[in-house]
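It should be emphasised that the depicted structure is a prediction, and the values quoted were computed from it without experimental measurement.
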Amino acid sequence: MMKSEGSSGIGNMKALILVGGYGTRLRPLTLFRPKPLVEFANKPILEHQLDALVDAGVRQVVLAVSYRAEEMEQELKTYAEQKGVKLIFSHETEPLGTAGPLALARKYLEGDSEPFFVLNSDIICDFPFKDMVAFHKSHGCEGTIAVTKVEEPSKYGVVIYDDKGQIGSFMEKPQEFVSNKINAGLYILNSKVLDRIELRPTSIEKEIFPVMAASQQLYAYELKGYWMDIGQPKDFLTGMCLYLQSEGQKPDTKLKFKSGPGIVGNVLMDDTVKVGSNCRIGPNVTIGKDVIIEDGVCIKRCTVLSGSKIGSHSWLDNCIVGWNCKIGQWVRMENVTVLGEDVIVDDEVYINGGKVLPHKAISSSVSVPQIIM
């Protein structure tokens, strides 16, 4: 019989978040900043996951780090103190894949009767941790994988399981339909799983989970609601839209959506933002601290990070504007344009997609998506 949330013992559970990657897919935003600290909907990606874990009662989180680990420790110190969560930094000296970090952090995870969470750091969703725990304890086996439905399963590795959730096998990029459920990057594992993992570069998806499934020790929990891997710009923006729409439908949302003249749909804007007259902002826009938006600007389906300035009568659609950028007057940017930190775009320039590296100045139009170095 499935236990209730109150009896799940989630307050004694720990979590490990895989934050050791270089974030190459999200460049240029990650060239000088670790990906988990890039702001998604006006707070670092990692804080969305940490907030959900803390809200569920988790008080100890292991962060499997390598790239810019010291910067992450420094920036998260105040957060940990405010939230009352203990953050343990487990440092990789070489890339260990998605399973090796569990072996490296074994001393922090083993010894408890309670299972622990494992999360990929690129994931955004409603994080149903309490329901996952109840499901995991109801089947009593070694592991639970959250799965989500996708429209094009041939792009992914799919998970095949029975009507009780027991996983039988995995199939990589099937050309004929066998399932539309994929691994969502959220797991609950018993400490016994650590005995299956050696301290070496190992893939939990390709080397550990298939063995667990073969021994009938792995179950699938179906996520409800939205899900997105936001590790690359196109999906980052799609995930932002899904997140804002989901939060906007909640009667008890903690977000402060902006409203007023020129605001259309779900717009998340820091209180320090200055907006000129006759602007049209939204739908699906997030704007960070100390951003200046001059008169007549139109912004939709965009993220604008802190300290940037957008000149009058500019038009932005489907863009990510990095920190401290300066966009001139009558500029048009669209088609998943990503500006790194401190980019200057001159007046009347058109940018049709692509990535602009930090500290660059764009003085002429870019009609074909490209990387501007």
Exercise. In this structure, which one of Leu194, Val61, Asn190 forms a side chain to side chain contact (heavy atoms under 4.5 Å, CB included) with Phe116?
Worked result: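 Result for side chain to side chain contact (heavy atoms under 4.5 Å, CB included) with Phe116: Leu194.
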
Exercise. Looking at Leu119, Leu109, Leu189, which hits side chain to side chain contact (heavy atoms under 4.5 Å, CB included) with Leu16?
Worked result: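 Among Leu119, Leu109, Leu189, the one meeting side chain to side chain contact (heavy atoms under 4.5 Å, CB included) with Leu16 is Leu109.
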
Problem set entry | Check against side-chain contact (heavy atoms from CB on, under 4.5 Å), Val304 and Val273 | CA-CA 11 Å; Val304 182; Val273 175; over 6 Å; no

Over all heavy atoms of both residues, which pair between [X] and [Y] is shortest? Give the atoms and the distance, please.
X      : Y      : answer
Gly322 : Ser308 : O-OG, 2.7 Å
Val19  : Ser121 : CG1-CB, 3.6 Å
Glu205 : Pro210 : O-CD, 3.2 Å
Ile327 : Met333 : CD1-CE, 3.7 Å
Val193 : Met212 : CG2-CE, 3.7 Å
Pro201 : Pro95  : CG-O, 3.5 Å

Exercise. Can you check side-chain contact (heavy atoms from CB on, under 4.5 Å) on Leu53 and Val85, steps first, answer last?
Worked result: CA-CA 10 Å; Leu53 289 167; Val85 60; over 6 Å; no

For this session: Only pairs at least two apart or in different chains count here, so list each ring-ring contact (aromatic ring centres under 6.0 Å, His included) that has a residue in residues 270-293.
Result: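 Matches after skipping sequence neighbours: none remain.
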
Exercise. Above 12 or not: heavy atoms from other molecules or residues under 6.0 Å from CD1 of Ile371?
Worked result: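 Count not over threshold, so no.
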
Exercise. So with a 6.0 Å cut-off around CD of Glu81, is the heavy-atom count from everything else above 12?
Worked result: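 For Glu81, atom CD is crowded (more than 12 foreign heavy atoms under 6.0 Å).
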
Looking at [X] and [Y], does any basic side-chain N land under 4.0 Å from a carboxylate oxygen?
X      : Y      : result
Lys137 : Glu114 : yes
Lys224 : Asp131 : no
Arg33  : Glu341 : no
Asp317 : Arg332 : no
Lys256 : Asp270 : no
Glu39  : Lys289 : no

If you measure from [atom1] on [X] to [atom2] on [Y], what distance do you get to the nearest 0.5 Å?
X      : Y      : atom1 : atom2 : value
Leu305 : Ile320 : CG    : CD1   : 7.5 Å
Cys302 : Leu237 : SG    : CG    : 7.0 Å
Leu268 : Lys258 : CG    : NZ    : 9.5 Å
His359 : Ile344 : NE2   : CD1   : 11.0 Å
Tyr79  : Lys43  : OH    : NZ    : 6.5 Å
Tyr221 : Ile188 : OH    : CD1   : 9.0 Å

Without swapping roles, check the side chain of [X] against the backbone of [Y] for a donor-acceptor pair under 3.5 Å.
X      : Y      : result
Ser138 : Phe135 : yes
Glu294 : Gly311 : no
Gln49  : Ile123 : yes
Asp347 : Gln329 : yes
Lys14  : Tyr108 : yes
Glu207 : Thr202 : no
Asn266 : Leu244 : yes
Glu247 : Tyr243 : no
Arg200 : Leu96  : no

Hey, does [Y] have a side-chain heavy atom less than 4.5 Å from the side chain of [X]?
X      : Y      : value
Leu186 : Cys125 : yes
Val147 : Tyr161 : yes
Asn352 : Val368 : no
Asp342 : Pro358 : no
Ile372 : Val343 : no
Ser203 : Thr98  : yes
Asp229 : Asn120 : no
Met269 : Val291 : no

For this session: Decide ring-ring contact (aromatic ring centres under 6.0 Å, His included) for Phe40 and Phe236; before the verdict, give the C-alpha distance in whole Å, the side-chain angles of both, and the deciding distance to 0.1 Å.
Result: CA-CA 8 Å; Phe40 174 88; Phe236 185 101; 5.3 Å; yes

Can [Y] be reached from [X] by stepping across I, L, V, M, F, W or Y side chains whose heavy atoms are under 4.5 Å apart?
X      : Y      : result
Val62  : Leu104 : no
Ile17  : Val54  : yes
Met13  : Phe129 : yes
Trp323 : Ile287 : no
Ile351 : Val338 : no

Problem set entry | Residues that Asp55 engages under side-chain contact (heavy atoms from CB on, under 4.5 Å), provided they are two or more places apart |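 Per chain and number, Asp55 pairs via side-chain contact (heavy atoms from CB on, under 4.5 Å) with Lys254.
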
Exercise. Under 30°, 30 to 60°, or over 60°: which ring-plane class applies to His139 and His136, parallel, tilted or perpendicular?
Worked result: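 If you compare the ring of His139 with that of His136, the planes turn out perpendicular.
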
For this session: Return yes if a side-chain donor-acceptor contact under 3.5 Å exists between Arg301 and Asn284, otherwise no.
Result: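 Side chains of Arg301 and Asn284: no pair found under 3.5 Å.
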
Exercise. So, Tyr219 versus Gln166: side-chain donor-acceptor pair below 3.5 Å or not?
Worked result: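 Result is yes, a qualifying pair exists.
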
For this session: Could you give me the CA-CA distance, side-chain angles and deciding distance for Leu339 and Ile362, then say whether side-chain contact (heavy atoms from CB on, under 4.5 Å) is met?
Result: CA-CA 10 Å; Leu339 306 185; Ile362 307 299; 5.8 Å; no

For this session: Would you please test Ile45 and Ile124 for side-chain contact (heavy atoms from CB on, under 4.5 Å) and show each step?
Result: CA-CA 8 Å; Ile45 294 170; Ile124 193 76; over 6 Å; no

